[in-house]
Protein chains: 2
Amino acid sequence: MSTIVADGATPGEPARLPTIGAAPEPGLRLRTIPEATVARLTTYLRVLDRCALVGAELRVDGTISSDELAALVGINPAKLRKDLSYLGSHGTRGVGYDAAALRSTLQQALGAHETYPVAVVGVGHLGSALAAYPGFPARGFPVRALFDTDPLKIGRPVAGITVSDIREAALVCRREDVVIGVIATPEPAAQRVADVLVAAGVRSILGFAPGQLTVPADVEVRRVDLALELQLLAFHEIRRGDVAAARQAVP
Amino acid sequence: MSTIVADGATPGEPARLPTIGAAPEPGLRLRTIPEATVARLTTYLRVLDRCALVGAELRVDGTISSDELAALVGINPAKLRKDLSYLGSHGTRGVGYDAAALRSTLQQALGAHETYPVAVVGVGHLGSALAAYPGFPARGFPVRALFDTDPLKIGRPVAGITVSDIREAALVCRREDVVIGVIATPEPAAQRVADVLVAAGVRSILGFAPGQLTVPADVEVRRVDLALELQLLAFHEIRRGDVAAARQAVP
DNA sequence: GTGACTTTGTGCCCGGGTTCACAAATGACT
DNA sequence: AGTCATTTGTGAACCCGGGCACAAAGTCAC
Ligand SMILES: NC(=O)c1ccc[n+]([C@@H]2O[C@H](COP(=O)([O-])OP(=O)(O)OC[C@H]3O[C@@H](n4cnc5c(N)ncnc54)[C@H](O)[C@@H]3O)[C@@H](O)[C@H]2O)c1
Ligand SMILES: NC(=O)c1ccc[n+]([C@@H]2O[C@H](COP(=O)([O-])OP(=O)(O)OC[C@H]3O[C@@H](n4cnc5c(N)ncnc54)[C@H](O)[C@@H]3O)[C@@H](O)[C@H]2O)c1
């Protein structure tokens, strides 16, 4: 089985959602939407959701122009139109987009009408916070299973969900239709947990532990490295200092 | 005052660490390191740290080749060399890099020898987890201040730090030399908190609340949007399903 | 010292993402 | 009906990061 290593890249990954398998298979042509575009599409949908909820911010006839929507999400209007064009033409020239129709299109394209059951492994500080976060189920990601190895935690309820033994992962994941696995264990356990999740049929993993994860090629891994985020901010801080020093040195 | 909007981009941001100010200022030439490179540099440093700690995995003469280091971090050797070349030439052709010297160079370049005091605003589920995370101080990011508006939390210790009233942010941040602010409040409060942090002199912000933040141009904002990460995984799941369906439909 | 081997540093190309700018389409107004 | 203002959709140029491949440079063996 060929394996890939989850690249530790948080920003600037080239990934363009290639056909999952190896060869591009000449016969079937799935439209390939850049990952950056997918990310923005979700923000468009969120803004439209909020508009629909509040009722404000869109015209009486229920349309919204690319300029208006772009301003709301803080983005270039041309980029927005190009993003939307990946889904086909759904706007009316001279008018704009029908907000309700656009919302529906985005929901369809992003699969926002479905739910994706999530399992969180490692019910520590971070795992508990994730389990209790209401924003996940609100967006279609209900946490349906919690796993740990700590006997003191197994069997106890956290955020309304009983913590299961990690050894029952395969059983519980299949029973709860878990589609996405979140790894919130200490780093040394992360690889083992990933293996367990993969064996349980989970093919999408979100990892919080630093370090690499090696998984089969058909498993998608995303990593969130908070210490790295701070490091990048710190680097900016240094640069800023350098700039200030240089400014002062060369008047 | 010119303001910028923190782009909601998690992946694929073009950001190339431009000179912070407006004009590139012809006189002073700061070497511009791509953000993606900075991110990888930190992982190189981590791996070197671990090697130095364990003592293993590097040769007896204390050198390591780009191929070896690249394999350890799971990355293309050429990319690694190019990354390192941004810091100047520090390797010896025919031999490799002196591990200790490289580590020192990376520490210097990334400012890893300094500490960057952090303040966390919003001591809820997520904020408490962040405050208790030992990985932050271990990497030079001690959490020195916690802020909240909840009277039940103010004055109480969390992870050894007494929670302060957000109204004392300016005072406490200056006293504790806070350089980085982390926003872990509900979304509606995020913008106000950002304003408070900026007023307190914080110019680097890590935000967990969805939605945009508007800040002055000299303030650096990074956003972590966990729901977006799940959404991107879900999109892959859809694509996978589509591929499978298409495969089945076109035999 | 010389030759063979190893490894770095980097020029070059490629593919993807962002942006501009404009033609096409549509509705409103006369 | 015709004209004009408005807005979409997209071709094309530009920029940036990734990866290949090779010359330069240095080491080691003899
Ligand atoms: N807490 C944070 O704010 C934070 C920030 C950045 C990164 N992280 C990363 O997130 C991960 C979790 O952090 P945390 O602070 O929640 O840690 P934690 O120590 O509070 O919790 C870890 C949990 O994982 C469980 N666990 C250990 N091995 C396991 C295994 N093999 N299978 C299942 N469960 C197992 C432990 O019993 C514990 O409940 C770590 O890798 C950490 O580096 C956390
Ligand atoms: N918990 C998670 O796993 C998770 C996941 C993704 C995103 N987030 C985001 O992180 C943020 C925090 O999430 P949480 O689960 O910790 O929320 P929470 O409700 O548990 O905690 C929020 C805390 O912020 C405090 N607060 C409210 N207004 C404030 C203000 N103006 N100034 C200072 N403090 C204030 C509250 O008193 C509370 O203690 C939210 O924006 C949420 O969307 C959280």
Side-chain angles (χ1 to χ4, degrees), chain A residues 5 7-19 24 31-41 44 58-71 73-99 101-102 105, chain B residues 7-18 24 31-41 44 58-71 73-99 101-102 105:
Chain A
V5 171
D7 54 339
T10 299
E13 32 198 87
R16 230 211 143 175
L17 305 196
T19 311
R31 63 191 180 294
T32 157
I33 305 183
E35 187 148 291
T37 293
V38 177
R40 284 190 298 268
L41 289 177
Y44 305 155
L58 65 93
R59 310 189 202 132
V60 285
D61 62 350
T63 62
I64 188 169
S65 75
S66 64
D67 278 32
E68 291 167 337
L69 185 51
V73 303
I75 221 170
N76 186 311
K79 204 194 300 195
L80 185 147
R81 290 200 296 274
K82 179 155 278 193
D83 285 344
L84 257 36
S85 77
Y86 280 105
L87 309 177
S89 303
H90 292 286
T92 312
R93 302 186 177 202
V95 177
Y97 300 87
D98 180 82
L102 182 57
T105 302
Chain B
D7 54 340
T10 298
E13 34 198 86
R16 229 207 143 176
L17 305 197
R31 65 192 180 293
T32 157
I33 305 182
E35 189 148 289
T37 292
V38 178
R40 285 189 296 270
L41 289 177
Y44 305 154
L58 65 94
R59 310 189 203 134
V60 283
D61 62 349
T63 62
I64 188 169
S65 75
S66 64
D67 278 33
E68 291 167 338
L69 185 51
V73 303
I75 221 169
N76 186 309
K79 204 194 301 192
L80 185 147
R81 289 199 296 274
K82 183 162 278 191
D83 286 343
L84 257 37
S85 77
Y86 282 105
L87 308 178
S89 303
H90 291 285
T92 312
R93 303 186 178 202
V95 176
Y97 301 87
D98 180 82
L102 182 56
T105 302

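Only a predicted model underlies this, so the values are computations on that prediction, with no experimental measurement involved. Chain identifiers are assigned alphabetically (A, B, ...) following the order of the sequence lines, protein sequences preceding nucleic acid strands; residue numbering begins at 1 within each chain. The analysis underlying the following values was restricted to heavy atoms, covering all of them including side chains, and did not include hydrogens, waters or symmetry mates.
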Sub-3.5 Å pairs of nitrogen or oxygen atoms, protein against nucleotides 9-11 of chain C:
from	atom 1	to	atom 2	distance (Å)
dG9(C)	OP1	His90(B)	N	3.4
dG9(C)	OP1	Gly91(B)	N	3.1
dG9(C)	OP2	Tyr97(B)	OH	2.6
dG9(C)	O4'	Arg93(B)	NH2	2.9
dG9(C)	N7	Arg81(B)	NE	2.9
dG9(C)	O6	Arg81(B)	NH2	3.1
dG11(C)	O6	Lys82(B)	NZ	3.4

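Lys79(B) has its NZ atom 21 Å from the P atom of dT7(C), to the nearest Å. If you take CD1 of Ile64(B) and P of dT7(C), they are 12 Å apart, rounded to a whole angstrom. When the C1' atom of dG19(D) is taken as reference, atom CZ of Arg40(B) falls 11 Å away, rounded to whole Å. Rounded to a whole Å, the CD1 atom of Ile33(B) is 13 Å from the P atom of dG18(D). Atom CG in Leu87(B) sits roughly 15 Å away from atom C1' in dT8(C) (whole-Å rounding). For the pair Glu68(B) CD and dT6(C) P, the computed distance is 13 Å after rounding to whole Å. Across the protein-nucleic acid pair, Glu35(B) atom CD and dG18(D) atom P stand 12 Å apart, rounded to whole Å. A straight line from CG of Asp83(B) to P of dT8(C) spans 14 Å, rounded to a whole angstrom.
Taking 4.0 angstrom as the limit, Ser66(B) places none of its side-chain polar atoms (N or O) nearer than this to OP1 or OP2 of dT7(C). OP1 and OP2 of dG17(C) both lie 4.0 Å or more from every side-chain N or O belonging to Asn76(A).
Nearer to the 5' terminus of DNA chain C, by closest-nucleotide assignment, is the contact made by Thr37(A) (compared with the other of Gly94(A) and Thr37(A)).
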List the atom pairs, with distances to 0.1 Å, where a side-chain N or O of residues 91-98 of chain B and a protein N or O form a donor-acceptor pair under 3.5 Å, not counting sequence neighbours.
from	atom 1	to	atom 2	distance (Å)
Asp98(B)	OD2	Ala100(B)	N	3.4
Asp98(B)	OD2	Ala101(B)	N	2.8

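With 3.5 Å as the limit, one finds a donor-acceptor pair spanning the side chains of Asp61(A) and Thr63(A).
Residues Asn76(B) and Arg81(B) have side chains not in contact (no heavy-atom distance under 4.5 Å, counting atoms from C-beta outward). Counting heavy atoms from C-beta on, the side chains of Tyr44(B) and Leu102(B) never come closer than 4.5 Å. Looking only at side-chain heavy atoms (C-beta outward), Asp83(A) and Ile33(A) stay at 4.5 Å or farther from each other.
The distance from atom CD of Glu35(A) to atom OG1 of Thr37(A), rounded to the nearest 0.5 Å, is 10.0 Å. Considering OG of Ser65(A) and CG of Leu80(A), their distance stands at 9.5 Å, rounded to 0.5 Å.
Taken over five-pair windows at either terminus, the axes of the helix from dG1(C)-dC30(D) to dT30(C)-dA1(D) are inclined to one another by 0° (rounded to 10 degrees).
Residues Pro77(A) and Ala70(A) share a closest heavy-atom pair of CA-CB, 3.6 Å.
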